[in-house]
Amino acid sequence: MKRSLAVAGAAVLLLTGCGTSGSSEPAAAGGAATIDYWLWDVGQQPQYQACADAFHKANPQYTVKITQYGWDDYWNTLTTAFVSGTAPDVFTGHLSRYPEFAAQGQLMPLDDFVAKDKVDLSIYQDGLADLWVTKDGKRYGLPKDFDTVAVIYNTEKLKEAGIKPEEMAELSWNPQDGGTYEKVIAHLTVDKNGKRGDEPGFDKTKVATYGIGSNGSGAGFGQTEWSMYTMSNGWQYGDQNPWPTKFNYADPKFKETIKWFTGLIDKGYMPSLDIVNSGVGMIDAYGAGKYAMVTEGSWNTKTFFSLKDVKSAIAPTPIGPTGKRASLLNGLADNITAGTDNPEASWAWVKFLASPACQEEIVAKEATVFPAIKTATVKAEKAFAEAGIDVKPFTIHVDEKTTHLAPIAEHWADITATMTETMDSIFSFKSDVNALDQANATVNGLFG
Amino acid sequence: MGSIRWGRVAGWAVLVVVMLVTLFPFYWMLRTSFSNTRALAGGASDLLPVDFTLGAYRRVLGLSTTAEAIAEGGSSGTVSFWLYLRNSIVVSTVTTLGQVFFSSMAAYAFSRLRWPGRNALFTVFVTALMVPPIFTTLPNFVLVKDLGLLNTYLGIVLPHLLMTPFAVFFLRQFFLGINASVEEAARIDGAGHVRTFFRIVLPMSKGPIATLAILTYITSWNDYFWPLLVGKAENVRVLTVALGIFRSQTPQGSPDWAGLMAATLFAALPIMVLFAVLGRRVIDSIGYTGVK
Amino acid sequence: MTSDTVRAAPRATPGTVPDPPPRSLRQRLGDLPVAIMFVLPATIGFAVFYLWPALRGAYLSLTKFNVLTPPTFIGLENYERLFGDRLFWNALKVTAEYVVLNIVTQTVAAMLLAVLMYRLTKSMVVRGVVLLPYLVANVVVALVWYWMLDFQIGVVNNMIEWLGLDRVAFFGSDWAIPTIAGINTWRHTGYTALLIFAGLQMIPPSVYEAASIDGASEWKTFWRVTLPLLRPVMALVMVLSVIGSFQVFDTIAVTTAGGPINATRVIYFYIYDMAFNRFNFGYAAALSSVLFVLLAGIAYLQLRLSRAGESDLRGS
């Protein structure tokens with residue numbers, strides 16, 4: 001009844017002559033189809049537009065229309081689009097979002113297509129393809145890129161501290177005294193009077209340059225914050241990955257790592273959570289020379305290297321008590337919506353995005369991300385090198401097999417809510433690491 | 001009298017301080033918009049633009065190549081500025097005219113007419129102020145889509161065309177203040193309600209109506225999420241949506257500060273010009289209103 | 001709610017003639033036919049774009065609904081959950097803190113500004129400048145201030161240090177709520193001042209002349225004459241700003257995202273997070289319904305206390 005009232009109301013308006021200049025997509029004729037494709041990263045739009053052009057050339061019957069939304073708008077808009085049936089055919093998916101969409105039947109499983117076209121999943125970096133298979137064994141995406149974590153440092157600050165770049169590549173840490181890694185961080189920290197963090201008389205309340213920057217407490221993920229430490233200390237997120245049924249946030253190894261890490265704040269080597277929360281971002285602070293080094297994901301490499309007044313270099317994450325380094329391996333993929341009118345065309349596009357023709361020939365050369373295909377990674381390394389950036393410290397994890405698959409789990413948003421609160425509280429010294437017992441119980445409670 | 005003069009001086013002093021606090025962030029936006037985003041962090045406390053460039057404005061207008069844009073910490077959108085400007089003007093003007101007109105009609109009925117159910121209905125109207133937009137956005141979007149109005153001007157303006165609870169509430173409160181005698185005089189002269197409304201109430205309330213129109217225009221001009229949802233298509237895309245690419249680019253990266261500031265100033269500029277041109281007239285009309 | 005909200009006091013609303021006792025049908029209906037014509041367009045807009053979604057929201061609060069699959073009816077379960085939800089009560093507390101801070105600073109500043117503008121200058125420039133912050137979208141205002149208040153590189157902290165004081169973590173646990181209240185005060189003061197200003201203009205000069213003949217001081221005139229006459233407009237301003245203030249969201253989403261440790265997890269942000277990040281739309285709807293009832297209650301009290309339906313301006 002309400003609906004008809006609404007329609008009537010709108011009809012009245014239409015009749016009263018409010019001009020419209022509406023346009024709707026003409027229906028596809030014959031085999032031709034327009035594929036609606038969404039992505040959020042405007043920096044990557046050019047390379048995927050190039051892929052779309054190449055795709056159209058190879059398949060003249062298909063045209064790809066790319067729409068970009070900023071990250072914040074992207075998910076709202078997508079949710080609304082799902083509700084109203086105006087979702088795109090294909091969109092860039094995210095690990096933290098796709099399980100929920102899949103569970104609600106909004107995504108199209110790709111298994112039949114993959115089997116039919118005999119897609120070779122071994123061309124991708126190990127493990128990446130598994131991230132896009134849900135608990136019930138259905139595949140929803142093919143990997144398009146991957147990322148790892150490394151240390152990015154300010155070469156000028158390093159020189160002032162008298163530390164050699166070679167040393168940076170061989171650092172190790174442990175949860176007891178922090179090892180050579182903490183020594184370097186301490187030495188890189190300088191207070192207002194010019195005293196370094198490891199010198200007597202260092203004033204930790206008046207720090208001019210922190211040895212290591214911070215991006216916050218990392219909640220339950222800690223990808224660029226603490227995952228490289230916890231995992232090189234032999235810790236795992238859950239009993240299995242993907243799809244853990246129990247989490248290990250109360251594990252002593254996790255606790256001792258976090259205790260050591262937050263100790264850096266107490267010593268004045270890393271900014272407090274209040275300072276971090278009162279800052280627009282790690283990149284800006286780093287660019288202003290407030291941080292000597294940061295731990296960062298490979299996707300931001302270019303941003304750091306294009307900062308005007310700071311010269312940077314990259315070092316691998318430190319070797320931990322296990323005798324190995326560690327980095328999470330994460331990546332994006334493209335999802336097809338269940339409601340698409342053109343499953344065949346959408347699949348052709350997704351397959352193309354995940355193929356060497358797009359990743360190796362186009363994306364790799366742009367040197368913005370690492371394409372998911374192994375052989376394309378090499379090309380991307382070369383492209384970065386040509387731009388004057390040695391990205392080996394990021395890819396070393398792949399070569400040395402020290403990557404750990406990013407955790408992917410059900411209830412991720414709820415886990416994040418609990419862990420944000422607890423980790424923030426630990427990072428601001430309002431509670432100690434034993435608060436993780438309660439948090440872990442809450443998290444595991446979600447899995448009934 | 002000395003005391004009064006001192007009062008005026010103090011008053012002006014306060015006013016000047018308020019103006020400075022109001023304006024400083026604008027200066028900062030301006031200064032930032034002429035800077036190079038990549039250099040901003042290094043020159044964080046410089047009071048003048050850092051590494052002066054018009055690059056941000058070139059990016060906003062879609063004049064720079066992608067490579068140039070990325071070198072300065074931004075990205076290049078293709079922006080048909082004049083088209084989006086026209087769309088923004090159409091949307092804001094239609095919204096303002098419709099909303100102010102229909103709301104003032106309703107406000108008249110709620111304040112100057114006597115009819116059963118008047119206060120109950122008005123109460124219901126006002127409580128709509130408290131409905132969180134989260135709940136109206138989704139159903140309204142579905143409705144607009146079902147009506148086939150996605151990517152049309154009508155679809156963009158429809159939810160705010162006939163009323164907003166704010167507008168009705170606002171005007172009713174002002175209409176209440178109108179002196180009854182004037183209206184009664186008109187009534188005695190034999191004027192009907194329609195005539196009274198157009199000839200007496202509207203002209204007498206020029207001030208509040210102008211104020212409401214200005215506020216509505218600005219709100220409509222700045223509206224972002226709704227036009228993004230229903231009017232992403234090029235031919236109806238409004239300025240805020242077109243400039244939205246400067247708002248949030250990468251999940252964890254640093255925003256294109258210079259581009260964002262340039263875009264913001266650019267989006268606000270047309271309204272400022274509009275008010276500068278129309279403003280004198282609007283303000284004058286406010287000046288002559290009031291109750292006699 | 002009853003019509004009391006609007007006609008709180010038994011006294012007659014000026015401008016409208018007191019209702020005579022009903023005698024005939026025609027008189028009971030009053031101006032109904034004309035009134036229908038006048039309110040119809042707005043009522044259509046209201047029913048379609050506000051009432052219907054609100055009713056739908058109320059229904060959804062009784063369901064388990066994750067947006068993308070159909071809702072299932074679960075009765076009052078969401079409301080039961082709400083009472084035991086620590087974060088909900090925290091959100092109410094944080095929101096209340098914010099609202100009080102924001103309303104007090106904003107209203108006082110706006111009143112001061114409006115009176116100053118009214119008394120000192122008719123300048124277009126002044127009025128334009130005052131409204132400038134409102135020209136900038138909420139999100140951008142939040143970003144600009146977030147950046148200017150940055151602990152390490154923000155211009156404000158640089159100035160503070162230059163003055164020889166310690167830098168302030170404006171978005172740390174202690175300062176976050178006052179800071180956010182301050183930012184929104186900056187954006188809305190001019191806007192609120194203009195509303196009050198419009199109200200001041202409706203007061204006939206003759207009233208002031210009378211007061212000045214009586215030899216009342218400026219201060220006295222303000223409290224005894226101006227403020228009472230501004231009552232309908234002030235009621236409007238207060239109700240609008242309290243409601244708007246309760247719905248603070250953008251500024252927090254851009255700056256603290258509810259942190260640190262829930263210090264700024266205001267009710268609206270909590271609702272949004274539940275609905276769109278955690279797909280708990282049913283529960284979010286229940287939260288909204290409670291917020292709605294709360295706001296309606298507050299608005300009712302405000303209107304009642306301020307006798308909004310009348311000004312003391314009587315027909316001559």
Side-chain angles (χ1 to χ4, degrees), chain A residues 1-3 5-10 12-13 72 75-76 79-80 82-83 96-97 100-101 103-106 192 205-208 210 213 216-217 271-281 284-285 287-291 411-414 416-417 420-428 430-431, chain C residues 40-41 43-45 47-49 51-53 55-56 66-69 86-87 90 139 143-144 146-154 157 161 166-176 179 253-265 270 272-281:
Chain A
M1 193 194 82
K2 283 271 144 38
R3 170 59 50 81
L5 177 65
V7 174
V12 168
L13 278 168
D72 293 335
W75 301 104
N76 290 342
T79 305
T80 316
F82 276 132
V83 174
S96 68
R97 300 281 178 160
E100 186 73 40
F101 286 143
Q104 298 188 24
Q106 300 296 326
K192 294 252 147 67
T205 62
K206 298 228 168 9
V207 179
Y210 288 98
S217 74
S272 72
L273 198 63
D274 267 355
I275 293 179
V276 172
N277 282 333
S278 299
V280 289
D284 298 85
K290 302 289 180 183
Y291 301 153
H411 312 297
W412 192 252
D414 294 321
T416 302
T420 303
E421 187 180 4
T422 308
M423 293 296 275
D424 277 6
S425 171
I426 293 171
F427 271 64
S428 43
K430 296 226 161 91
S431 43
Chain C
L40 189 64
T43 307
I44 291 173
V48 175
F49 295 106
L51 185 62
W52 161 238
L55 292 176
R56 192 174 161 279
N66 62 12
V67 191
L68 298 176
T69 44
R86 181 175 55 85
L87 284 175
N90 175 65
V139 173
L143 270 170
V144 170
Y146 194 33
W147 197 46
M148 296 203 323
L149 296 175
D150 185 290
F151 184 85
Q152 304 185 83
I153 60 172
N157 263 317
E161 196 175 62
D166 279 341
R167 287 171 180 264
V168 180
F170 282 107
F171 295 90
S173 355
D174 302 332
W175 277 92
T179 303
V254 168
T255 57
T256 59
I261 332 170
N262 301 322
T264 58
R265 191 170 297 277
Y270 190 48
Y272 181 86
D273 192 43
M274 273 293 166
F276 278 107
N277 286 331
R278 300 166 74 174
F279 289 105
N280 235 321
F281 216 84

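Within every chain, numbering begins at 1; the chains are lettered A, B, ... in the order of the sequence lines, protein sequences first and strands thereafter. Values below: all heavy atoms of this structure, side chains included; hydrogens, waters and symmetry mates excluded. Nothing here was measured: the structure is a model prediction, and the numbers come from that model.
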ask   = Is it the backbone or the side chain of C:Phe281 that comes under 4.5 Å from a heavy atom of chain A, or both, or neither?
value = neither
inquiry  = Given heavy-atom pairs under 4.5 angstrom as the criterion, report whether the side chain, backbone, both or neither of C:Leu149 touches chain A.
reply    = backbone
query = Taking side chain as C-beta onward, heavy atoms only, is C:Asn90 less than 4.5 Å from C:Tyr270?
reply = no
message = Between A:Thr79 and chain C, with a heavy-atom cut-off of 4.5 Å, which part of the residue counts as in contact: side chain, backbone, both or neither?
response = both
key: Segment of C:Phe279 engaging chain A (4.5 angstrom heavy-atom cut-off)   = side chain
query = Between A:Phe427 and C:Pro260, is any pair of side-chain heavy atoms under 4.5 Å apart?
reply = no
inquiry  = With a 4.5 angstrom heavy-atom cut-off, is it the side chain or the backbone of C:Asp273 that approaches chain A, or both, or neither?
reply    = neither
message = Is there a side-chain contact between C:Leu143 and C:Trp147 in this structure, where contact means two heavy atoms from C-beta onward sitting under 4.5 Å apart?
response = no
query = C:Tyr272, C:Trp175, C:Phe49: which one forms the most heavy-atom pairs within less than 4.5 Å of chain A?
reply = C:Tyr272
query = Any ion pair linking A:Glu421 and C:Arg265 (charged N to carboxylate O, less than 4.0 Å)?
reply = no
key: Partner residues of A:Thr422 under the side-chain contact (heavy atoms from CB on, under 4.5 Å) criterion, sequence neighbours left out   = A:Thr418, A:Ile426, A:Ala435, A:Leu436, A:Ala439
Flag, side chain of C:Thr179 to backbone of C:Phe170, donor-acceptor distance under 3.5 Å = yes
ask   = With a 4.5 angstrom heavy-atom cut-off, which part of A:Gln104 approaches chain C: side chain, backbone, both or neither?
value = both
inquiry  = Taking side chain as everything from C-beta outward and backbone as N, CA, C, O, which of these in C:Thr256 sits under 4.5 Å from a heavy atom of chain A? Side chain, backbone, both or neither.
reply    = neither
request  = Pick one of side chain, backbone, both or neither for C:Asn262, based on which atoms fall under 4.5 Å of a heavy atom in chain A.
outcome  = side chain
ask   = Is it true that A:Lys290 and A:Asp284 have a side-chain N and a carboxylate O under 4.0 angstrom from each other?
value = no
inquiry  = I'd like to know which of A:Val83, A:Asp414, A:Thr416, A:Thr420 tops the heavy-atom pair count under 4.5 Å against chain C.
reply    = A:Asp414
